[in-house]
Amino acid sequence: MQTLQPQAHTARWAFTLIELLVVIAIIALLAAILFPVFARARENARKTSCLNNLKQIGLGAMQYAQDYDEITVGGTKNDLGWADMIFPYTKSIQLYRCPSDDDIPTYKPGTNPKRLWRNATTTTGYDSSPGNQEYCYGMNLWGTASSTIAGFLNPSDRSLADIARTSEVIFFVDSLGASPDYVGANALTPPNTAYNEVVGQVDQRHFRSGSFNATFVDGHSKYVSIRSSVAPGPKGAGDIMWNANR
């Protein structure tokens, strides 16, 4: 007679429902902690890339001035914008595009081959109509290029010798507004009430922290707070970073 032998049972290990829920909760907690860190690191990288763009734009503007008898580039000239005029020195259309700005125009060649973004269209951002020069950066054109407003001057189309503190005067910035290729054009706001005007002109696209990237007339670039840009210096209310006559 054949004797039945007891069969060996193989132990099976598995997570219980409670254990699975604990693991999922831990993963969700880590994600909640790390995702903002990763997002901030990514935005820091974009801010640095943007700052480098402005640095190269500033260097291009300096080279332009050297070739034009120490006269800085103007906002417009002979139907060209400032970005068109310094393009032979920057040689890259990507320099005019901030990686954190979603208002990137679609380039369409226009009638003037020297124009960069004339006859461009954009589907997001400031206005969606064609025919606008839309850069991610703007030039400090506070007031007008040919006149002063309460002693207020912009650095556009001027002799470098006329700007005493080139390292303290803003030239190009992260821009925002109906005409994002320039900042403060024809703005009649007195310097002592300039804060609100700056808020409406610059783009706080990096962290929305009340600050923006800026290049100064001497070519250096840095992250600047809006309040520090309009803080009066020793000369009084008009002695702010936007005033080439400070």
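No hydrogens, no waters, no symmetry mates; every other heavy atom, side chains included, goes into these values. Sequential numbering from 1 along the given sequence is applied to the chain's residues.
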*Asks:* So, Glu43 versus Ser100: side-chain donor-acceptor pair below 3.5 Å or not?
*Replies:*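 Side chains of Glu43 and Ser100: pair found under 3.5 Å.
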*Asks:* Within this structure, what is the CZ-CG distance for the pair Phe172 and Leu54, rounded to the nearest 0.5 Å?
*Replies:* 9.0 Å
*Asks:* Given side chains that start at C-beta, do those of Ile27 and Val23 come closer than 4.5 Å, heavy atoms only?
*Replies:*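 Yes, their side chains come closer than 4.5 Å.
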*Asks:* For the residue pair Leu29 and Ile33, establish whether any side-chain heavy-atom pair is separated by less than 4.5 Å.
*Replies:* yes
*Asks:* Quick one: pull up CG in Asp67 and OH in Tyr89 and give me the separation to the nearest 0.5 Å.
*Replies:*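 Nearest 0.5 Å value for the CG-OH distance: 3.5 Å.
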*Asks:* Please report the C-alpha distance between Cys50 and His206 in whole Å, then the side-chain angles of each, then the deciding distance to 0.1 Å, and finally whether the side-chain contact (heavy atoms from CB on, under 4.5 Å) criterion is met.
*Replies:* CA-CA 9 Å; Cys50 172; His206 303 293; 3.4 Å; yes
*Asks:* Any donor and acceptor pair, going by atom type alone, linking the side chain of Gln204 with main-chain N or O of Gly210 inside 3.5 Å?
*Replies:*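 It does hold such a pair.
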*Asks:* Of the non-hydrogen atoms in Val224 and Ser229, which two are nearest, and what is the gap between them?
*Replies:* CG1-CB, 4.0 Å
*Asks:* If we ignore hydrogens and angles and just use 3.5 Å, is the side chain of Thr48 paired with the main-chain N or O of Asn44 as donor and acceptor?
*Replies:*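 Between the backbone of Asn44 and the side chain of Thr48 there is a qualifying donor-acceptor contact (under 3.5 Å).
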*Asks:* Start with the C-alpha gap between Ser209 and Tyr223, add the side-chain angles, then the distance that decides, and say whether side-chain contact (heavy atoms from CB on, under 4.5 Å) holds.
*Replies:* CA-CA 11 Å; Ser209 60; Tyr223 198 47; 2.9 Å; yes
*Asks:* Main chain of Asn53, side chain of Tyr96: is a donor-acceptor contact present, judged purely on distance under 3.5 Å?
*Replies:*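 Not a single qualifying donor-acceptor pair exists.
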*Asks:* Nearest heavy-atom pair of Ser167 and Phe216: which atoms, and what distance?
*Replies:* O-CD2, 3.5 Å
*Asks:* How far does OG1 of Thr90 sit from CE of Met85, to the nearest 0.5 angstrom?
*Replies:*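 Output value for this atom pair is 12.5 Å.
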*Asks:* Tell me, yes or no, whether the heavy-atom count around Phe207 atom CZ, taken from other residues, nucleotides or ligands under 6.0 Å, exceeds 12.
*Replies:* yes
*Asks:* Distance check, rounded to the nearest 0.5 Å: Met241 atom CE versus Ser225 atom OG?
*Replies:* 7.0 Å
*Asks:* Is the closest side-chain heavy-atom distance between Val217 and Pro155 below 4.5 Å?
*Replies:*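 A side-chain contact exists here, since the closest heavy-atom pair is under 4.5 Å.
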*Asks:* Would you compute the distance between atom CG of Asn154 and atom OG1 of Thr72 and round it to the nearest 0.5 angstrom?
*Replies:* 8.0 Å
*Asks:* Between Ile86 and Ile57, is any pair of side-chain heavy atoms under 4.5 Å apart?
*Replies:* yes
*Asks:* Between Thr215 and Gly58, what is the shortest heavy-atom contact and its length?
*Replies:*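 For Thr215 versus Gly58, the nearest heavy atoms are CG2-CA, 3.6 Å.
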*Asks:* Roughly how far apart are Ile71 CD1 and Leu160 CG, rounded to 0.5 Å?
*Replies:* 7.5 Å
*Asks:* Kindly give the heavy-atom pair with the smallest separation between Tyr137 and Arg205, and that separation in Å.
*Replies:*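 Here Tyr137 and Arg205 meet closest at CE2-NH1, 4.1 Å.
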*Asks:* Is it true that a side-chain atom of Lys235 and a backbone atom of Arg246 form a donor plus acceptor pair closer than 3.5 Å?
*Replies:*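 A pair under 3.5 Å: yes.
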*Asks:* Closest heavy-atom contact between Ile163 and Val169?
*Replies:*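 Heavy-atom minimum between the residues: CG2-CG2, 4.1 Å.
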*Asks:* If you take all heavy atoms of Gly74 and Met139, which pair is closest and at what distance?
*Replies:*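 Heavy atoms only, the tightest pair is O-CE, 3.7 Å.
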*Asks:* Are Lys47 and Asp174 ion-paired here, with the side-chain N under 4.0 Å from a carboxylate O?
*Replies:*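 No, no charged N to carboxylate O under 4.0 Å.
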*Asks:* Could you walk me through whether Phe171 and Val73 pass side-chain contact (heavy atoms from CB on, under 4.5 Å), step by step?
*Replies:* CA-CA 10 Å; Phe171 207 172; Val73 63; 4.0 Å; yes
*Asks:* Any heavy-atom pair between the side chains of Phe212 and Asp203 that's under 4.5 Å?
*Replies:*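 They are not in contact (no side-chain heavy atoms under 4.5 Å apart), so the answer is no.
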*Asks:* Applying side-chain contact (heavy atoms from CB on, under 4.5 Å) to Leu20 and Thr16, what does each step give before you reach the verdict?
*Replies:* CA-CA 6 Å; Leu20 285 173; Thr16 65; over 6 Å; no
*Asks:* Going by heavy atoms in the side chains, are Val173 and Asn140 under 4.5 Å from each other?
*Replies:* no
